[in-house]
Trainee: 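Structure incoming, see below.
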Amino acid sequence: MAFNICVNLYVKEVDFFRSIGFLEIERHKMENSDSVVIAPLSDGNAFLQIWDIEFIKKVSPEVANDKPSLLFTVYNI
């Protein structure tokens, strides 16, 4: 069974992690901000989903100050 791990991070600068060598896997437009999925390896199964903190404060204020959360996904059970 294969699985993926995705950690959600709420930050002020969405593109910072690309500047230190992470690979951009996906980019999503959310109103006036972006959400970016990045990974250290293009063929790995661990990802970070980076969210603009101002967008999160607007749409989900209850989680804006939370620590990162882990999301496990499984394909082909």
Side-chain angles (χ1 to χ4, degrees):
M1 170 174 48
F3 65 92
N4 294 324
I5 299 170
C6 184
V7 177
N8 293 298
L9 297 176
Y10 313 132
V11 300
K12 290 182 181 181
E13 180 53 53
V14 170
D15 289 317
F16 168 75
F17 289 90
R18 281 188 23 216
S19 71
I20 60 171
F22 280 82
L23 304 171
E24 183 174 315
I25 307 300
E26 299 174 5
R27 181 174 289 260
H28 306 278
K29 276 285 191 203
M30 306 287 183
E31 295 182 9
N32 291 330
S33 68
D34 291 336
S35 173
V36 181
V37 177
I38 60 171
L41 303 170
S42 62
D43 60 350
N45 66 342
F47 305 93
L48 296 173
Q49 182 149 6
I50 310 300
W51 298 87
D52 183 324
I53 188 69
E54 295 305 319
F55 174 76
I56 296 299
K57 286 178 180 177
K58 180 179 175 185
V59 299
S60 296
E62 68 279 3
V63 301
N65 294 318
D66 286 354
K67 303 283 189 240
S69 60
L70 293 177
L71 172 66
F72 297 93
T73 59
V74 178
Y75 299 98
N76 300 324
I77 295 179

Trainee: According to a 4.5 Å side-chain heavy-atom criterion applied to Ile, Leu, Val, Met, Phe, Trp and Tyr, with indirect links allowed, do Ile25 and Val7 form part of one hydrophobic cluster?
Mentor: no

Trainee: Please enumerate all residues that pass side chain to side chain donor-acceptor pair (under 3.5 Å) together with Lys57, with sequence neighbours excluded.
Mentor: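 For Lys57 there are no side chain to side chain donor-acceptor pair (under 3.5 Å) partners, ignoring immediate neighbours.
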
Trainee: Phe22: what forms a ring-ring contact (aromatic ring centres under 6.0 Å, His included) with it, not counting sequence neighbours?
Mentor: Phe17

Trainee: Which atom names give the shortest non-hydrogen contact between Ala39 and Ala46, and what distance separates them?
Mentor: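 Taking Ala39 first and Ala46 second, the nearest heavy atoms are CB-O, 3.5 Å.
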
Trainee: Got a second to check how far Asp52's CG is from Lys12's NZ, nearest 0.5 Å?
Mentor: 10.5 Å

Trainee: Treat each ILVMFWY residue as a node, draw an edge where side-chain heavy atoms are under 4.5 Å apart, and state whether Val37 and Leu48 are in one component.
Mentor: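 No, no single cluster joins them.
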
Trainee: So does Arg27 pair up with Asp15, basic N to acidic O under 4.0 Å?
Mentor: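 Salt bridge between Arg27 and Asp15, a charged N being under 4.0 Å from a carboxylate O: yes.
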
Trainee: Once rounded to the nearest 0.5 Å, what's the spacing between atom CD1 of Ile56 and atom CG of Asn65?
Mentor: 11.5 Å

Trainee: Hey, does Val59 have a side-chain heavy atom less than 4.5 Å from the side chain of Met30?
Mentor: no

Trainee: Under the rule for side chain to side chain contact (heavy atoms under 4.5 Å, CB included), what residues qualify as partners of Glu62, not counting sequence neighbours?
Mentor: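 By the side chain to side chain contact (heavy atoms under 4.5 Å, CB included) rule, Glu62 matches Ser60.
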
Trainee: In chain order, what residues pass the side chain to side chain donor-acceptor pair (under 3.5 Å) check against Lys29, with sequence neighbours excluded?
Mentor: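 So Lys29 forms a side chain to side chain donor-acceptor pair (under 3.5 Å) with Asp34.
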
Trainee: Hydrophobic clustering (ILVMFWY, side-chain heavy atoms < 4.5 Å, transitive) - are Leu23 and Ile20 grouped together?
Mentor: no

Trainee: Side-chain heavy atoms under 4.5 angstrom apart, residues restricted to Ile, Leu, Val, Met, Phe, Trp, Tyr: same cluster for Val36 and Val11?
Mentor: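 Result: yes, single cluster for both.
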
Trainee: Quick one: list whatever passes side chain to side chain donor-acceptor pair (under 3.5 Å) with Asn45, sequence neighbours left out.
Mentor: none

Trainee: Would you give the length of the straight line joining atom CD of Glu54 to atom OH of Tyr10, rounded to the nearest 0.5 angstrom?
Mentor: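 Reported value, rounded in 0.5 Å steps: 14.0 Å.
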
Trainee: Under the rule for side chain to side chain donor-acceptor pair (under 3.5 Å), what residues qualify as partners of Glu13, not counting sequence neighbours?
Mentor: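 Side chain to side chain donor-acceptor pair (under 3.5 Å) list for Glu13, sorted by chain: empty.
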
Trainee: If I take atom CG from residue Leu41 and atom CZ from residue Phe47, how far apart are they, to the nearest 0.5 angstrom?
Mentor: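 Leu41 atom CG to Phe47 atom CZ measures 9.5 Å (nearest 0.5 Å).
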
Trainee: Flag the pair Phe16 / Ile50 as yes when at least one side-chain heavy-atom distance between them is below 4.5 Å, and no otherwise.
Mentor: no

